[in-house]
Protein chains: 2
Amino acid sequence: MLIRLDQTLDAPLFEQLASGLRASIIDGRLSGGERLPAARELADSLGVNVHTVLRAYHRLRDERLIELHRGRGAVVAVRIGGHAALAGAVYDLVDEAKNHELPEAALLALISEAYRSAPRASGVLRPMPTR
Amino acid sequence: MLIRLDQTLDAPLFEQLASGLRASIIDGRLSGGERLPAARELADSLGVNVHTVLRAYHRLRDERLIELHRGRGAVVAVRIGGHAALAGAVYDLVDEAKNHELPEAALLALISEAYRSAPRASGVLRPMPTR
DNA sequence: ACCTATTTGTCCGTATGTATG
DNA sequence: CCATACATACGGACAAATAGG
């Protein structure tokens with residue numbers, strides 16, 4: 001799996017793990033449909049608690065990078081037509097904005113601001129903490 | 001606080017709690033800047049574990065409905081214009097767009113197009129995403 | 001249809017760290 | 001310095017869905 005956790009870093013363990021896995025998925029070292037180790041298994045091999053691994057897994061699930069299923073484990077998401085799902089979300093949002101009678105310009109402004117100020121979930125643009 | 005948890009429901013406790021708090025925030029029973037009970041305190045009064053409350057708090061933080069700060073507790077987010085749920089949806093969408101590495105300009109274009117071509121207004125709030 | 005092993009989901013408990021006031 | 005309160009990490013227990021025999 002080639003992921004190393006460093007207790008001494010200020011970055012939390014679960015975040016180091018999520019970042020490492022995310023990097024592997026993004027650059028293709030882990031490909032769609034591929035199965036990740038069971039949480040307990042990975043936890044043992046890394047010397048951390050299961051909850052720490054699960055927390056990283058849940059993070060990646062929230063980012064739609066992996067899928068989690070009981071009894072089946074964690075699988076790298078196949079992102080075919082990912083933009084299609086995104087388009088659906090766009091329509092949902094615009095629909096709700098209209099319900100709130102929010103002008104188009106206001107929504108665009110919100111989007112722009114969110115782009116500038118929301119570094120949280122992605123991690124794609126964020127380099128892995130090195131050393 | 002007027003939130004009741006029902007162990008017998010199939011909905012998880014943390015989700016019931018998050019839903020209850022979310023509803024209170026959305027409809028204004030809890031207003032911006034208002035402080036929520038400390039996690040431990042609320043946990044005791046509800047008869048659940050601290051982690052369960054914190055999990056609900058984290059959920060609401062992800063939705064940008066509350067802010068969490070060490071030593072200060074949980075505070076209902078003050079939103080300067082725009083509905084809270086809408087603001088949360090905006091951040092969710094932008095997060096996802098970033099995950100897809102979709103440039104800001106592209107998302108803005110999608111939004112504008114959706115504004116022009118989406119005629120109807122459902123008026124119905126979407127149910128909470130059940131992960 | 002049944003049973004069993006696997007694996008995540010949820011919840012509880014405890015301890016320590018750290019920013020805030 | 002000290003109390004508060006969230007953040008992280010550890011540990012354990014049971015439930016529930018899945019897959020395979």
Side-chain angles (χ1 to χ4, degrees), chain A residues 1 3-21 33-77 119-121 123 129, chain B residues 1 3-21 30 33-77 128-131:
Chain A
M1 187 55 50
I3 288 185
R4 292 210 308 263
L5 303 183
D6 188 343
Q7 186 71 266
T8 72
L9 294 181
D10 65 340
L13 295 179
F14 79 90
E15 191 175 306
Q16 293 181 41
L17 180 52
S19 294
L21 292 173
E34 196 163 343
R35 194 176 174 286
L36 295 177
R40 255 163 204 92
E41 190 182 326
L42 182 55
D44 288 346
S45 81
L46 290 176
V48 299
N49 192 272
V50 196
H51 295 304
T52 304
V53 174
L54 282 177
R55 196 165 169 185
Y57 276 11
H58 291 163
R59 180 92 123 210
L60 297 176
R61 178 192 55 189
D62 289 345
E63 300 172 11
R64 307 291 202 276
L65 288 178
I66 68 175
E67 291 179 5
L68 296 176
H69 300 281
R70 285 183 196 167
R72 281 200 285 146
V75 176
V76 177
R120 184 187 65 84
Chain B
M1 189 54 51
I3 288 186
R4 292 211 310 264
L5 303 183
D6 188 343
Q7 186 68 266
T8 71
L9 295 180
D10 64 341
L13 295 180
F14 78 90
E15 192 175 307
Q16 293 181 39
L17 180 53
S19 294
L21 291 173
L30 291 173
E34 195 163 343
R35 194 174 173 287
L36 295 177
R40 219 160 233 102
E41 192 182 324
L42 183 54
D44 288 346
S45 81
L46 291 175
V48 299
N49 192 271
V50 196
H51 294 306
T52 304
V53 174
L54 283 177
R55 198 164 168 186
Y57 277 9
H58 292 163
R59 180 91 126 214
L60 297 176
R61 178 190 54 187
D62 289 345
E63 299 172 10
R64 304 302 201 279
L65 289 177
I66 69 175
E67 291 178 5
L68 296 177
H69 301 280
R70 285 183 197 165
R72 280 200 286 147
V75 176
V76 177
M128 227 197 76
T130 53
R131 195 187 21 231

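Because only heavy atoms are used, hydrogens play no part in the values below, and waters and symmetry mates are left out as well, while side chains stay in. Note on naming: letters A, B, ... go to the chains in the order of the sequence lines (proteins, then strands), and numbering restarts at 1 for each one. Being a predicted model, the structure only gives us computed values, none of them experimental.
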Pairwise side-chain contact, B:Leu36 with B:Leu30, heavy-atom cut-off 4.5 Å (strictly under): yes

B:Leu54 or A:Leu13, whichever maps to the more 5' nucleotide of DNA chain D: B:Leu54

A:Thr52 vs D:dT8: side-chain N/O to OP1/OP2 distance below 4.0 Å: no

Gap between atoms CD and C1', on B:Glu67 and D:dA5 respectively (whole Å): 16 Å

A:Glu63 CD to A:His58 NE2 distance, which is reported to the nearest 0.5 Å: 13.0 Å

N/O (side chain, B:His58) to phosphate O (OP1/OP2, D:dC6) under 4.0 Å: no

Short side-chain N/O contact from A:Arg55 to OP1 or OP2 of D:dA7, under 4.0 Å: no

Interatomic distance, B:Leu17 CG vs C:dC12 P [rounded to whole Å]: 11 Å

Whole-Å gap separating C1' (C:dC12) and CD (B:Gln7): 11 Å

Whole angstrom value for the distance that separates C1' of C:dT14 from CG of B:Asp44: 14 Å

Sugar-phosphate, base or nothing in reach of B:Val50, heavy atoms under 4.0 Å: nothing

Min side-chain heavy-atom separation B:Leu13-B:Gln16 under 4.5 Å: yes

Spacing of A:Leu60 atom CG and A:Ile66 atom CD1 [to the nearest 0.5 Å]: 5.0 Å

Side-chain heavy-atom pair A:Tyr57, A:Leu21 within 4.5 angstrom cut-off: yes

Where protein sits on nucleotides 12-21 of chain D, one letter per nucleotide: B base, S sugar-phosphate only, - none, heavy atoms under 4.0 Å: B---BBSS--

B:Arg35 side chain near C:dG21 phosphate (N/O to OP1/OP2, under 4.0 Å): no

For atom CD of B:Gln16 and atom C1' of C:dC11, their distance in whole Å: 13 Å

Distance, rounded to the nearest Å, where A:Leu9 contributes CG and C:dG17 contributes P: 17 Å

Which nucleotide in C:dC11, D:dA7, D:dA9 has an atom nearest any side-chain atom of B:Pro12: C:dC11

Worked check of side chain to side chain contact (heavy atoms under 4.5 Å, CB included) between A:Leu17 and A:Thr52: CA-CA 9 Å; A:Leu17 180 52; A:Thr52 304; 5.5 Å; no

Residues B:Glu15, B:Arg59: salt bridge by 4.0 Å N-O rule: yes

Interatomic distance where CD belongs to B:Glu15 and C1' belongs to C:dG9 [whole Å]: 12 Å

Spacing between B:Arg59 atom CZ and C:dC11 atom P, to the nearest angstrom: 11 Å

